[in-house]
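Below is one structure; the comments refer to it alone.
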Amino acid sequence: MRKAPYIIYSGDNEEMDVHWQLHEVESCVIEWGDDTPYGLGHAYTAEYGLDHQHAYTISGLTPGEVYHYQVKAGPEIYTGTFRAALPDDATRLSFLAYGDTRSYPADHDTVAQSMVDTYLADPEFQTLAIHVGDMVNDGDLESQWDDEFFDPQYTGIQTFLRTVPLQVAIGNHEGDGILFEKYFPYTFVSDRYWSFDYGPV
């Protein structure tokens, strides 16, 4: 895979969006469940766009529950977990926030692993992460998304992206925003602004 699976919260607490990108044309299958036999469902995915991207919205989730999923692309298998967004009547929320991950992916990897360790120690933090922008140094360069943000050698980042939905506010380093929107297609209202509800927030 060129970009391993990562998750985005759509704004519906019964859904979660899974995205990934391949190097070439390949059919994929995604499976999910409340445990690792992935018994709740599966789907075959086709490419969208012009750059071997795949996405699938897992629906019918129970708010607040933990789910497991795996994506198969040829011989490669990638696994992850996520917690469905909290119920509408939730009264408290723990979440993660960080940003300015540009230029130093090794430092970002350390921070990402620390956030994984945080939710492993306290599962209430496996909810969502707010990223305040400046994801890469030059967001108009495709190579920087490959080498800074989605580079598979940084296992802390990759684990974090496939287990916690990332909600990002675009930063000035994202440039004209075309590649930002390519990889993070939120439900923009206009000019890459949007809003979402999550539990009591």
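Note that the numbering runs from 1 along the sequence shown for the chain.
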Taking it one step at a time, do Leu96 and Ile130 satisfy side chain to side chain contact (heavy atoms under 4.5 Å, CB included)? CA-CA 6 Å; Leu96 300 158; Ile130 303 293; over 6 Å; no
If you look at every heavy atom in [X] and [Y], which pair is closest and at what distance?
X      : Y      : value
Pro63  : Ala84  : CA-CB, 4.1 Å
Ala73  : Glu26  : C-CG, 4.2 Å
Ile77  : Lys72  : CG1-CG, 3.9 Å
Asp147 : Tyr154 : O-CE1, 4.2 Å
Gly199 : Ala90  : CA-CB, 4.5 Å

Quick one: does [X]'s side chain get under 4.5 Å of [Y]'s, heavy atoms only?
X      : Y      : result
Tyr67  : Leu61  : yes
Ile58  : Glu15  : no
Leu93  : Leu86  : yes
Trp32  : Val18  : no
Arg2   : Phe150 : no
Trp20  : Thr45  : yes
Gln53  : Lys182 : yes
Pro185 : Ile8   : yes

Count I, L, V, M, F, W, Y as connected when their side-chain heavy atoms are under 4.5 Å apart, and connections chain through other members. Are [X] and [Y] then in the same cluster?
X     : Y      : result
Phe95 : Trp194 : yes
Val29 : Leu40  : no
Val66 : Met115 : no

What do you reckon, is [atom1] of [X] surrounded by more than 12 foreign heavy atoms closer than 6.0 Å?
X      : atom1 : value
Tyr104 : OH    : no
Asp197 : CG    : no
Tyr38  : OH    : yes

Nearest 0.5 Å, what's the [atom1]-[atom2] distance between [X] and [Y]?
X      : Y      : atom1 : atom2 : answer
Ile157 : Asp151 : CD1   : CG    : 8.0 Å
Glu47  : Glu24  : CD    : CD    : 9.5 Å
Ser59  : Asp12  : OG    : CG    : 8.5 Å
Thr79  : Glu31  : OG1   : CD    : 11.5 Å

Run Val136 and Ser103 through side chain to side chain contact (heavy atoms under 4.5 Å, CB included) and show every step you take. CA-CA 6 Å; Val136 297; Ser103 305; over 6 Å; no
Option passing ring-ring contact (aromatic ring centres under 6.0 Å, His included) with Tyr6 (candidates Tyr183, Tyr69, Phe149, Phe184):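 Per the ring-ring contact (aromatic ring centres under 6.0 Å, His included) rule, the option paired with Tyr6 is Phe184, out of Tyr183, Tyr69, Phe149, Phe184.
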Pairs under 3.5 angstrom only: tabulate donor-acceptor contacts from the side chains of residues 163-174 to other protein residues two or more places apart or in another chain.
unit_1: Thr163; atom_1: OG1; unit_2: Tyr119; atom_2: OH; d: 2.8
unit_1: Thr163; atom_1: OG1; unit_2: Thr159; atom_2: O; d: 2.7
unit_1: Thr163; atom_1: OG1; unit_2: Phe160; atom_2: O; d: 3.3
unit_1: Gln167; atom_1: OE1; unit_2: Tyr9; atom_2: N; d: 3.1
unit_1: Gln167; atom_1: NE2; unit_2: Tyr9; atom_2: O; d: 3.2
unit_1: His173; atom_1: ND1; unit_2: Asn137; atom_2: O; d: 2.7
unit_1: His173; atom_1: NE2; unit_2: Arg102; atom_2: NE; d: 3.3
unit_1: Glu174; atom_1: OE1; unit_2: Asp134; atom_2: N; d: 2.8
unit_1: Glu174; atom_1: OE1; unit_2: Gly171; atom_2: N; d: 2.8
unit_1: Glu174; atom_1: OE2; unit_2: Met135; atom_2: N; d: 2.7

Are [X] and [Y] close enough that a side-chain donor and a side-chain acceptor fall under 3.5 Å?
X      : Y      : result
Asp17  : Ser10  : no
Gln126 : Thr81  : yes
Glu76  : Tyr78  : yes
Asp109 : Gln113 : no

Would you say [X]'s side chain and [Y]'s backbone share a donor-acceptor pair under 3.5 angstrom?
X      : Y      : value
Arg83  : Gly64  : yes
Asp140 : Gly175 : no
Asp176 : Ile178 : yes
Gln144 : Asp138 : yes

May I have the step-by-step check of side chain to side chain contact (heavy atoms under 4.5 Å, CB included) for Phe180 and Trp145, ending in yes or no? CA-CA 9 Å; Phe180 167 78; Trp145 292 94; 4.3 Å; yes
Set of residues satisfying ring-ring contact (aromatic ring centres under 6.0 Å, His included) with respect to Tyr48, sequence neighbours excluded: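 With neighbours one apart ignored, the set is empty.
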Residue among Gln21, His54, His23, His19 satisfying side chain to side chain donor-acceptor pair (under 3.5 Å) with Lys3: Gln21
Are the aromatic rings of Tyr186 and Tyr193 close, with centres under 6.0 Å apart? no
For the ring pair His68 and Phe82, is the centre-to-centre distance below 6.0 Å? no
Can you classify the ring geometry of His108 versus His131 as parallel (below 30°), tilted (30 to 60°) or perpendicular (above 60°)?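 Judged by the thresholds at 30° and 60°, the geometry between His108 and His131 is perpendicular.
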Aromatic rings Tyr44 and His42: how do their planes relate, parallel, tilted or perpendicular, breaks at 30° and 60°? perpendicular
Please evaluate residues Ile30 and Gln70 with respect to the criterion side chain to side chain contact (heavy atoms under 4.5 Å, CB included), reporting the C-alpha separation (whole Å), side-chain torsions for both, the decisive distance (0.1 Å), and the verdict. CA-CA 6 Å; Ile30 182 170; Gln70 68 177 5; over 6 Å; no
